[in-house]
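The chains referred to below are lettered A, B, ... by the order of the sequence lines, with proteins before strands, and numbering in each begins at 1.
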Amino acid sequence: MTKNIMIVGVGGQGTLLTSRILGGVMENAGYKVKVSEVHGMAQRGGSVVTFVRYGDSVAEPIVEEGQADVLIAFERLEALRYAHFLKKDGVLIVNDWRIDPISVVMGAQKYPEKIIEKLERKHTVYKINGMEEALRLGNSRVFNNVVLGMAARHMDFSLQEWLDVIEKTVPAKTVEINTKAFMAGYEH
Amino acid sequence: MKEKKMMLGNAAIARGVWEAGVKVSSAYPGTPSTEISEELVKYPDVYAEWAPNEKVATEVAIGASISGVRSFATMKMVGLNVAADPLYSFSYAGVTGGMVMVVADDPGLYSSQNEQDTRMVCRAAMVPCLEPSDSQEAKDYIKYAYEISEKFDTPVIVRTTTRLAHSQCEVTLEDRVVPDDKVYERNIAKNVMMPAMAKGRHLIVEKRMKDLAEYANTAPFNTIEKGDMTIDGKRIGFITDGIPYQYVKEVCPNASILKLGMCNPLPRKMIEDFAASVDVLYIFEELEPVIEEQVRSWGISCIGKEIFTIQGEYSANMIRERVLKMDLDLDEAPQIPPRPPILCPGCPHRATFSVLKKLRIHAAGDIGCYTLGALAPLSAVDTTICMGSSISSLHGMEKAKGFDYIKNWVAVIGDSTFLHTGVNSLINLFYNQSHGTVLILDNRTTGMTGHQDHPATGKTLSGEIVPAVDFKKLCEGIGIEHVREEDPFDVDALTKAVKEEVNREALSVIIVKAPCALLKGQQHPYVVEPLADKCVHCGACLQPGCPALTKKEDGSIAIDATMCNGCGLCMSMCKVGALQKVKR
């Protein structure tokens, strides 16, 4: 059985780091893993998506519409954009945070209202304001590990498995704050 | 037991190059090929460099091959157009030490200006083309490529795609094996491509491709998986290559599959036998019908582009819907505001484009982050074709329409792109008496591909500090009289400079110099905050389109302190002093 995870967000939010932590946890647990990332132009503030698939064997490296078991969204509008990738019984973890796309900044379009309420009608949704927690810890950049911590509660790996990989994956100087961030989400 | 490691396709390629005993590598960055060189330079005993462009990189690898060592060059597919000249003729000459190029295609256009298919170039240039389908194969095929290169006396192209280059899976590591250097012997019939010699070499190349096609029938990377899958009682089979193979395996693991690890030349006998063993044959290849057209030309009936697309990436769902006729009951994608890529907060290009927009000046654009200046709200860039074209196309406009026509035009080109192929265009403007204005947007790095050094940064791929090309001296050395440097964030000074130069009836260059906001140390120690009591809700600060700013319901401004870089461009737009800098 292959499990499918997606991480979506805005270019620059650090989806790559999160997908690498996820891939590391699954690899350590003995699964075959494929991770598919986005580099280049799309990283410049655009909508980005990375895929992590694991199981006894994995063929394609991407997750397709209707196939995601877990969708981790680092921004509300991006959660809405990719929610149709979820399986009917998939779980959505959303960072309760708003970043306006340029058309909204310029007033040409409106940022949709009540996104999370809308998504809750159709999906199992867990939300957290990772940015608020990260700022409390003193570094906005670690918000993604807060969100990952919450997502970890809904996946089949032990706390220690996550912490081991975080320690190996993030820069040495930031292990402590990243671990704290992860725990803030995990215990939320 | 051999060590295994999760690796990006590009990292696995670099590992393969190292294991194959390559001694010299040259490349120009281009998504999705860039990480290959960045990974390769970490290994010992291999010289790896950034060249100013792909033609130069390919010629460096050719020279290393002629001298007798294994050599390597890598680029994205449009870079191969720049390198086409050496490729087509080196194909005739053949190698001394093995020579392999990795060329990365971009189906789906994640980060490119077109969607061309390198397999077509390989056919035209008469070079073999290998195509891996995951990171492990990426490493293995590099080593096959060097064997083929030396055995068949040919450069070899390994074609990858964005999806392969940027996907990770487990790879088994092996040791580096360095073959003995080949002995160089003077042989002008092989190494000097003048008409008399090239005639002879053309015949040799034709024979080489026939020999390779024969070899392909039994080569280890062309494989048949016998299956028993049927649809409506008919046995179905797929011929596929590269990443699309993974989609076939995902959906139809029990179908018969002919996986082509080499897509040029094709193994005709193997394909004919495979086609005869199934009732319905699908050709599942991304981009152009390269395999399909050849298979059809042999009188074999198959299904391909009539149900699969030419444009874009393939998927497993494409097979579910179009081959298995499954109703996937998928939800529609929601109709919500799109989020295209944009210039980052603090980007110096935003300041430059704000000036051009205010002056209503059109920009002939080029390839880089600044191509995004074409989009609203900046809407400053009018054209983008290829690397270097901004400068030469501005010249063409003037020759067509005269100086008055281009008085409200400039060419904009990045520092790395200028050194790639812009400088020769600039020489043409000087030589043929153009009066245009060229803005070199010098952000001290190759930005779009993720910050690679180039000849004007003063640093090499391996991190060595070297003398840097000086743009001002370079332009003056050409003979251009009017060359000046400006800071884009000094909006008034840049405005004055652009006005003066476009109206001057002479060729001029403005070097617009400020480091990329994402380079280390470029975040300012302060952020900008709005002063609600002074704000008159005019929206002037929003004009440059900085994503850190938003307009609130009441028309006042909010600034996201986690995004603001502190560049102060919004402050220079505000006429009423309603924005202030505060310590971070």
Side-chain angles (χ1 to χ4, degrees), chain A residues 2 10-12 19-20 23-24 27 32-48 51 57-62 64-67 75 77-78 80-86 98-112 115 122 131 134-135 140-141 143, chain B residues 6 8 31-32 34-35 110-112 134 162-170 243 245-250 253 313 315-317 328-334 336-345 369 371-372 375-377 448-450 518 539 542 545-547 549-551 560-563:
Chain A
T2 313
V10 179
S19 62
R20 286 179 182 196
E27 197 195 5
K32 294 283 179 217
V33 184
K34 284 191 179 174
V35 179
S36 193
E37 309 173 343
V38 177
H39 299 216
M41 189 179 234
Q43 280 177 290
R44 299 281 172 268
S47 170
V48 292
F51 307 107
S57 76
V58 181
E60 66 168 322
I62 62 171
E64 302 189 23
E65 284 105 322
Q67 302 280 337
E75 199 269 352
L77 184 62
E78 297 312 304
L80 185 58
R81 192 182 315 282
Y82 292 101
H84 66 289
F85 276 72
L86 277 167
R98 166 176 169 171
I99 299 175
D100 287 354
I102 199 68
S103 58
V104 174
V105 172
M106 297 312 297
Q109 283 182 299
K110 280 217 171 329
Y111 193 94
I115 288 176
K122 206 160 174 188
M131 191 60 89
L135 288 171
S140 64
R141 297 197 60 81
F143 83 90
Chain B
M6 283 283 284
L8 271 185
T31 311
T34 311
E35 299 84 0
Y110 287 87
S111 202
S112 301
D134 64 19
T162 302
R163 195 53 72 186
L164 175 84
H166 293 157
S167 291
Q168 298 187 52
C169 71
E170 196 175 66
I243 279 283
Y245 165 77
Q246 304 292 357
Y247 303 129
V248 175
K249 286 298 283 181
E250 186 73 31
E313 270 193 303
S315 65
N317 278 350
L328 298 177
D329 185 26
L330 299 175
D331 292 343
E332 291 277 313
I336 57 176
R339 194 188 297 274
I342 42 169
L343 296 173
C344 307
C369 292
T371 312
L372 295 169
L375 305 178
M448 176 60 84
T449 46
L518 298 184
L542 294 168
C546 176
L549 275 70
T550 29
K551 193 176 187 173
D560 183 338
T562 65
M563 291 174 81

One should read off an interatomic distance between A/L135 CG and B/T562 OG1, to the nearest 0.5 angstrom, of 7.0 Å
Smallest heavy-atom separation, A/K34 atom then B/C169 atom, equals CG-CB, 3.8 Å
Non-hydrogen atoms of chain A under 4.5 Å away: do they reach the side chain of B/E313, the backbone, both or neither? neither
Taking every non-hydrogen atom, the tightest pair across B/M6 and A/V35: CE-CG2, 3.9 Å
Examine distances only and state if a side-chain atom of B/E250 and a backbone atom of A/E60 form a donor-acceptor pair shorter than 3.5 Å. yes
Where on B/I243 is there a heavy atom nearer than 4.5 Å to chain A: the side chain, the backbone, both, or neither? side chain
CZ-CZ distance between B/R339 and A/R81, expressed to the nearest 0.5 angstrom: 6.0 Å
Chain A shares the most heavy-atom pairs under 4.5 Å, among B/L330, B/L343, B/T34, with B/L330
Show the nearest heavy-atom pair for residues B/L542 and A/M106, with the distance to one decimal. O-SD, 3.4 Å
Is chain A contacted by the side chain of B/L518, its backbone, both, or neither, given a heavy-atom distance below 4.5 Å? side chain
Under 4.5 Å from any heavy atom of chain A - which part of B/D329: both
What are the two closest heavy atoms between A/A59 and B/K249, and how far apart are they? CB-CB, 4.0 Å
Working to the nearest 0.5 Å, report the span between CD1 of A/I62 and CG of B/N317. 8.5 Å
Minimum heavy-atom separation for A/P61 to B/R163, with atom names? CG-CG, 4.0 Å
Tell me, side chain or backbone of A/K32 under 4.5 Å from chain B's heavy atoms, or both, or neither? side chain
Contact class of B/P337 relative to chain A, heavy atoms under 4.5 angstrom: both
Chain A heavy atoms under 4.5 Å from B/P253: which part of the residue, side chain, backbone, both or neither? neither
Measuring from atom CD of A/E65 to atom CG of B/L328, what distance do you get when rounded to the nearest 0.5 angstrom? 9.0 Å
Using non-hydrogen atoms only, which part of A/Y82 is less than 4.5 Å away from chain B: side chain, backbone, both, or neither? neither
Region of B/D560 in contact with chain A, defined by heavy-atom distances below 4.5 Å: side chain
Interface check, chain B: of A/E37, A/M131, A/E64, most non-hydrogen pairs under 4.5 Å belong to A/E64
Sort out for me which of A/V58, A/L86, A/V104, A/I99 touches chain B most, counting heavy-atom pairs under 4.5 Å. A/I99
To the nearest 0.5 angstrom, please state how far the CD1 atom of B/I336 sits from the OG atom of A/S47. 8.0 Å
Got a second to check how far B/I342's CD1 is from A/I102's CD1, nearest 0.5 Å? 5.0 Å
With chain A, the option among B/P340, B/P338, B/A376 that has the most non-hydrogen atom pairs under 4.5 Å is B/P338
Partner chain A: residue of B/E170, B/Q168, B/M563 with the largest heavy-atom pair count (under 4.5 Å): B/Q168
